[in-house]
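Throughout, a chain's letter reflects where its sequence line sits, starting with A, and its residues are numbered from 1.
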There are 2 protein chains.
Amino acid sequence: MPIGDISGVDAPLPTRVRTEPIQQRSADRLNRLLDSAAEIVDEIGFDRLTTAMIAERAGAAIGTVYRYFPDRIAVLVALRERAVQRFRLRSMQLMRAAGPTSVWDAVDSGITAFVELYRSEPGFRIMHFIDRERMPLSAEEAEPHLAKRLADILEEAIGITHDAELDFRLEIAVEMADAILSRAFAFDRAGDERYIEECRRVVRDYLSSELAAV
Amino acid sequence: MPIGDISGVDAPLPTRVRTEPIQQRSADRLNRLLDSAAEIVDEIGFDRLTTAMIAERAGAAIGTVYRYFPDRIAVLVALRERAVQRFRLRSMQLMRAAGPTSVWDAVDSGITAFVELYRSEPGFRIMHFIDRERMPLSAEEAEPHLAKRLADILEEAIGITHDAELDFRLEIAVEMADAILSRAFAFDRAGDERYIEECRRVVRDYLSSELAAV
DNA sequence: GCAACCATGATCGAGTTCCGCTCGGTGTCG
DNA sequence: CGACACCGAGCGGAACTCGATCATGGTTGC
């Protein structure tokens, strides 16, 4: 199986949609709804985002929004899901290009992908905010956390068998990176390079200590 | 000036209250409102918290809530502010008891205080969530971020002069610690010890590298 | 072939409900 | 009795519902 196949571009998509789109036009509409939401998130932030705005900008009626999403939050969750998929895809591309040999190399590609998307993908900030509290808010397994996705990607990319220990360290690394990178973009739309550099350094140090090269 | 004096227990309190309470009973009411809000945050999360709930649980009318707070978010901000003050106080206590000599020792006390409050203080989770997006959402200086508070505390506790470099490293450390600790409590009300331990280790390693003892 | 047909997916938007917040009137403290 | 504190019906707006309407693509009869 080629390395890109697990990037999941054609996976079942948002978990919480009400109705799977059958016809082509409706799949388009769903994407346009998410695009609208993404733009609005960037423009006014996600708590001021209203379902009416989403509908209007996408040229749809409010009812259409609720055909696909059970509630306002679900739109944001779906938006995050799409962002995660794009992150996966881009990470895989970078990893293939770099031909990483260590966990650290691979994770560095992940950081690069994250930064790129933060800069280019509208509404990517959602990655940091929707996380807990809004999500299932219980049950460990309910949340397919970013770290798990990354572990899967790594397994494919550099043929690592990920045991519980590596999963744990990756989760810590992801938490740290997410926090620092989000700080980098908090007051600077282009992302403060100082924080980004520090993020790479911190994560590399963390992953290389007691883990050496794999 | 004794070390505890900057803990700010009797500082002007929430920045965004509408009316400073004059009579004693109203100060009590304000605290009861915050207590109610804290409980509700723990029970159903802060986006499902409604002003009506706060009022009802505190045995007050809705109008009373709005006598003290301009809007719903202000309640959460005030709640966070109170939590930060208690964090300061507890940190100072622990630092005094430990008689710390290095930045790391002091920060470790901060972590301990944070964990304690996460366990004992209702609604303390708010510390992690209210941060950006909801707050001023622009202007670097507008946000009195936790890292700045910590820097102030350290300055008092171990007489450090905090330059820009230390501020930066502290901010990184705070971001990391906040992220990992919040993860520790995300699915475990008591806080997953493994994450807490890893948090101490990570922060210690980070602060001791290239900074040595102060 | 193809045109009429129709089951079902997709869309619509007025209407309902619920929530944030106001404001003028009523208690209660000093 | 003046100022402080409190009350809660009511207003505006946003989340969400639901029955009516339109579009699509497969089926049927010729």
Side-chain angles (χ1 to χ4, degrees), chain A residues 12-14 16-37 39-41 43-79 126 130 133-135, chain B residues 12-14 16-37 39-41 43-79 126 130 133-135:
Chain A
L13 245 162
R16 288 221 241 160
V17 287
R18 266 182 165 165
T19 313
E20 291 301 318
I22 307 289
Q23 303 176 7
Q24 179 59 37
R25 61 168 171 156
S26 77
D28 292 345
R29 211 179 248 302
L30 203 160
N31 269 315
R32 245 188 302 154
L33 287 173
L34 288 181
D35 290 342
S36 304
E39 288 175 24
I40 297 170
V41 163
E43 286 168 19
I44 61 173
F46 64 81
D47 15 77
R48 276 197 273 273
L49 169 145
T50 72
T51 51
M53 287 181 199
I54 299 175
E56 188 192 355
R57 186 171 299 214
I62 320 159
T64 304
V65 174
Y66 286 92
R67 173 175 177 76
Y68 295 109
F69 304 101
D71 56 34
R72 199 184 75 101
I73 300 300
V75 180
L76 298 173
V77 171
L79 184 59
I126 204 78
I130 287 303
E133 183 79 6
R134 283 166 203 289
M135 292 214 105
Chain B
L13 245 164
R16 289 219 242 161
V17 287
R18 263 180 166 166
T19 313
E20 292 301 317
I22 308 289
Q23 303 174 8
Q24 179 57 36
R25 60 168 172 158
S26 78
D28 292 346
R29 213 179 246 302
L30 203 162
N31 268 315
R32 245 189 301 155
L33 286 173
L34 288 181
D35 291 341
S36 304
E39 288 175 24
I40 296 169
V41 163
E43 287 167 19
I44 61 172
F46 66 80
D47 14 75
R48 277 195 272 272
L49 170 145
T50 74
T51 51
M53 286 179 200
I54 299 174
E56 189 191 354
R57 185 170 300 212
I62 320 159
T64 304
V65 174
Y66 287 91
R67 174 173 176 77
Y68 295 108
F69 303 101
D71 56 34
R72 198 184 75 102
I73 300 300
V75 180
L76 296 173
V77 172
L79 184 59
I126 204 80
I130 287 303
E133 183 79 8
R134 281 165 204 290
M135 291 214 109

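- Of all heavy-atom pairs spanning A:Arg72 and A:Leu49, the tightest one is NH1-O, 2.7 Å.
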Contacts under 3.5 Å, N or O only, protein and nucleotides 12-15 of chain D:
from: D:dA15; atom 1: OP2; to: A:Thr51; atom 2: N; distance (Å): 3.1
from: D:dA15; atom 1: OP2; to: A:Thr51; atom 2: OG1; distance (Å): 3.1

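- A heavy-atom distance below 4.5 Å is not found between the side chains of A:Asp47 and B:Ile73.
- B:Asp47 places its CG atom 19 Å from the P atom of C:dC18, with the value rounded to the nearest Å.
- Between B:Thr50 and B:Ile54 there is no side-chain heavy-atom pair separated by less than 4.5 Å.
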Kindly give the atom pairs (protein nitrogen or oxygen, nucleotide nitrogen or oxygen) under 3.5 Å for nucleotides 7-10 of chain D.
from: D:dC7; atom 1: OP2; to: B:Ala61; atom 2: N; distance (Å): 3.0
from: D:dC7; atom 1: OP2; to: B:Thr64; atom 2: OG1; distance (Å): 3.1
from: D:dG8; atom 1: O6; to: B:Gly63; atom 2: N; distance (Å): 3.4

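- Counting to the nearest Å, the P atom of C:dC19 and the CD1 atom of B:Ile73 are 15 Å from each other.
- By the side-chain contact (heavy atoms from CB on, under 4.5 Å) test, A:Ile62 is found to be paired with A:Thr51, A:Tyr66, residues two or more places apart in sequence or in another chain being considered.
- Across all their heavy atoms, B:Val75 and B:Leu34 have their closest contact at O-CD2, 3.9 Å.
- In this structure, the CG atom of B:Asp28 is 15 Å from the C1' atom of D:dC6, given to the nearest Å.
- Here D:dC16 presents its P atom at 11 Å from CZ of B:Arg48, a figure rounded to the nearest Å.
- Taking the salt bridge (Lys or Arg N to Asp or Glu O under 4.0 Å) definition, one finds that B:Glu56 meets it with nothing, sequence neighbours left out.
- Spacing between atom OH of A:Tyr68 and atom C1' of C:dC12 amounts to 12 Å, rounded to whole angstrom units.
- Taking the side chain to side chain donor-acceptor pair (under 3.5 Å) definition, one finds that B:Arg32 meets it with nothing, sequence neighbours left out.
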Can you pull every protein N or O that's under 3.5 Å from an N or O on nucleotides 20-22 of chain D?
none

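- Between A:Glu43 and A:Arg48 there is no salt bridge, since no side-chain N of the basic residue sits under 4.0 Å from a carboxylate O of the acidic one.
- For the pair B:Arg67 CZ and C:dG25 C1', the computed distance is 14 Å after rounding to whole Å.
- Annotation: the span from B:Phe69 atom CZ to B:Leu30 atom CG amounts to 4.5 Å, rounded to 0.5 Å.
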